[in-house]
There are 2 protein chains.
Amino acid sequence: MTEEGARRAPLNRDRVLRAAVELADEVGLAGVSMRRLAQQLGVVPMALYKHVADKDALLDGMVDAVIGEFDPPDPALDWQDGVRQRVLSARRAVLRHPWARQAIESRTRRTPAVLAYMDSVTGTFRAGGFSVDLTHHVMHALGNRIWGFSPELFDEPRDPGAPPLPPEAQQAMAAEFAERYPHVLEIALAATQGDLSGVGRGCDEDFEFAFALDLLLDGAGRLHRRGWSSRAASAPPAV
Amino acid sequence: MTEEGARRAPLNRDRVLRAAVELADEVGLAGVSMRRLAQQLGVVPMALYKHVADKDALLDGMVDAVIGEFDPPDPALDWQDGVRQRVLSARRAVLRHPWARQAIESRTRRTPAVLAYMDSVTGTFRAGGFSVDLTHHVMHALGNRIWGFSPELFDEPRDPGAPPLPPEAQQAMAAEFAERYPHVLEIALAATQGDLSGVGRGCDEDFEFAFALDLLLDGAGRLHRRGWSSRAASAPPAV
DNA sequence: ACCTGAACACCGTTCAAGT
DNA sequence: ACCTGAACACCGTTCAAGT
């Protein structure tokens, strides 16, 4: 309210990005608008455009900030543990920022930070003796899993704060499900040891992630040891 | 312009969804707004809300329309060819609608059509003798690949209509890349047989998709044959 | 150099009213 | 039953102007 008391440190790119990350942590990615971010910084919306080209650039910067939290590579590890360590470190960072997965999936530009991370993982395979050819295909096979997340295949886990469904509702849901989607119900029940109230609460995502990652890395190692090459192969793998 | 000449068939859910799919095919997902879709149908925006609860429901319906284009399962196939056939059929449908991948990734609700498709793929593994437990983990490992796409790991392919970069720009890009991201450049060059102009035009996505799919299915088959169970395993796979 | 004010061309969705 | 009109509370971004 005083004339000069409200003066604040001048904006800069870093302060804008840090505020955006903080805002996304609080209200989710959909809640991050240029206008709301400006308000959070006590500034008029247009002031942001001096530090960030447009909203896409803002999102790129936010993803870069998450990448900045990844642990550095550990050169003492062999290729398999090396890739695992980096990817699981990426996973920890991504889980710290629930919006990060959605933001990463939405990016189509590859920033220097993104390229540097991909280069580092690629280099780990090469240092482990993988051919250029096999490394290329394996990077594609890993896909977004190098960022530490797998897609939500089934429903989002139910809000843990939500009250548990009443037993009769569970029964009704199970009955309907059992009729229409017996196989989905079966594997969902298996994941919760038959505890119906757990269905829809999601399963052990960490285990599923590690399972898929190791399935891919082990398959890759097998191809590597056998000297597999896509030039020799007519059809894809035949692992 | 005549009073009655402009009368059109009454809207219904199907006509709304078909128009939305057509609009997305033409202008991309970002171009599909309730207002623009209404205009396309010669109707006021609010008229849509009688047939579709809100924009999320519209997107759900559009994804369901794509799923409706998948080929039915072929019961004569064994589990591996059966899953491959369904997933490659999904891929053909998704490639017909360039917006579909983005739409599928953005959905958090699982519609009956989505659940029915997942149930069908799950059932194919079960019919092939896979345990409930292994089927569960394998479905997670496949992840979004059951929809026939893998994530864009590297850049989007350059617009094929765009003019090719001038040779000196290619040289400059390559030089900069070679210095900062040598490993990414290396595998990118391998994918285009050293043709620099092809870098950034993307690689053979069909091959990469088939590679990853078969890597996963072959690994899954190996675990199946060996009677692997997550209950017995302390750590994930050890394929 | 950095920020502001006003404006433009959009959004999704509500409500009460029309036929 | 189905559609409309007007309004609300938002968006991202431009341009010319202020300090």
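Both backbone and side-chain heavy atoms feed into the values below; hydrogens, waters and symmetry mates do not. Per chain, numbering begins at 1; letters A, B, ... match sequence-line order.
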_Let's see if you get this right: which residues in residues 50-58 of chain A place a heavy atom under 4.0 Å from DNA chain D?_
A:Asp54, A:Lys55
*With sequence neighbours excluded, residues passing side chain to side chain contact (heavy atoms under 4.5 Å, CB included) with B:Asp119*: A:Tyr181, A:Pro182, A:His183, A:Val184
_Checking A:Pro151 now: which residues fulfil side chain to side chain contact (heavy atoms under 4.5 Å, CB included) with it, not counting sequence neighbours?_
B:Asn144
*Who are the ring-ring contact (aromatic ring centres under 6.0 Å, His included) partners of B:Phe209, not counting sequence neighbours?*
none
*With sequence neighbours left out, write down each residue that passes ring-ring contact (aromatic ring centres under 6.0 Å, His included) with B:His140, or none if nothing qualifies.*
A:Phe154, B:His136
When the distance from [atom1] of [X] to [atom2] of [N] is rounded to whole Å, what number comes out?
| X | N | atom1 | atom2 | value |
| --- | --- | --- | --- | --- |
| B:Asn12 | D:dC3 | CG | C1' | 14 Å |
| A:Arg13 | C:dC3 | CZ | P | 15 Å |
| A:Leu48 | C:dC3 | CG | P | 9 Å |
| B:Arg15 | D:dC2 | CZ | C1' | 13 Å |
| B:Tyr49 | D:dA1 | OH | C1' | 20 Å |

Those residues that, when tested against [X], pass salt bridge (charged side-chain N to carboxylate O under 4.0 Å, His left out) (two or more places apart):
| X | answer |
| --- | --- |
| B:Glu105 | none |
| B:Arg92 | B:Asp71 |
| B:Arg35 | none |

*Options D:dC11, C:dT4, D:dT4, nucleotide nearest the side-chain atoms of A:Arg36*: D:dC11
*asked:* By the ring-ring contact (aromatic ring centres under 6.0 Å, His included) test, which pairs, at least two apart or in different chains, include something from residues 85-120 of chain A?
replied: A:Phe70-A:Tyr117, A:His97-A:Trp99, A:Tyr117-A:Trp147
*Sequence neighbours excluded - ring-ring contact (aromatic ring centres under 6.0 Å, His included) pairs with any residue from residues 29-53 of chain A*: none
*So, for A:Gln85 and A:Pro72, which heavy atoms are closest and what is the spacing to 0.1 Å?*
NE2-O, 3.2 Å
*Whole-Å P distance, D:dC10 and C:dA9*: 22 Å
*In terms of the nearest nucleotide of DNA chain D, which residue is placed more toward the 5' end: A:Pro45 or B:Ala47?*
B:Ala47
Each nucleotide N or O in nucleotides 5-10 of chain C that has a protein N or O under 3.5 Å away: list the pair and distance.
none

*Please round to the nearest 0.5 Å and tell me the distance separating atom CD of A:Gln40 and atom CG of A:Leu23.*
5.0 Å
*So what is the 5' to 3' dot-bracket string for DNA chain D, if pairs are Watson-Crick or G-U wobble with both distances under 3.5 Å, crossing pairs use [ ] and | means the partner sits on another strand?*
||.|||||...|||||.||
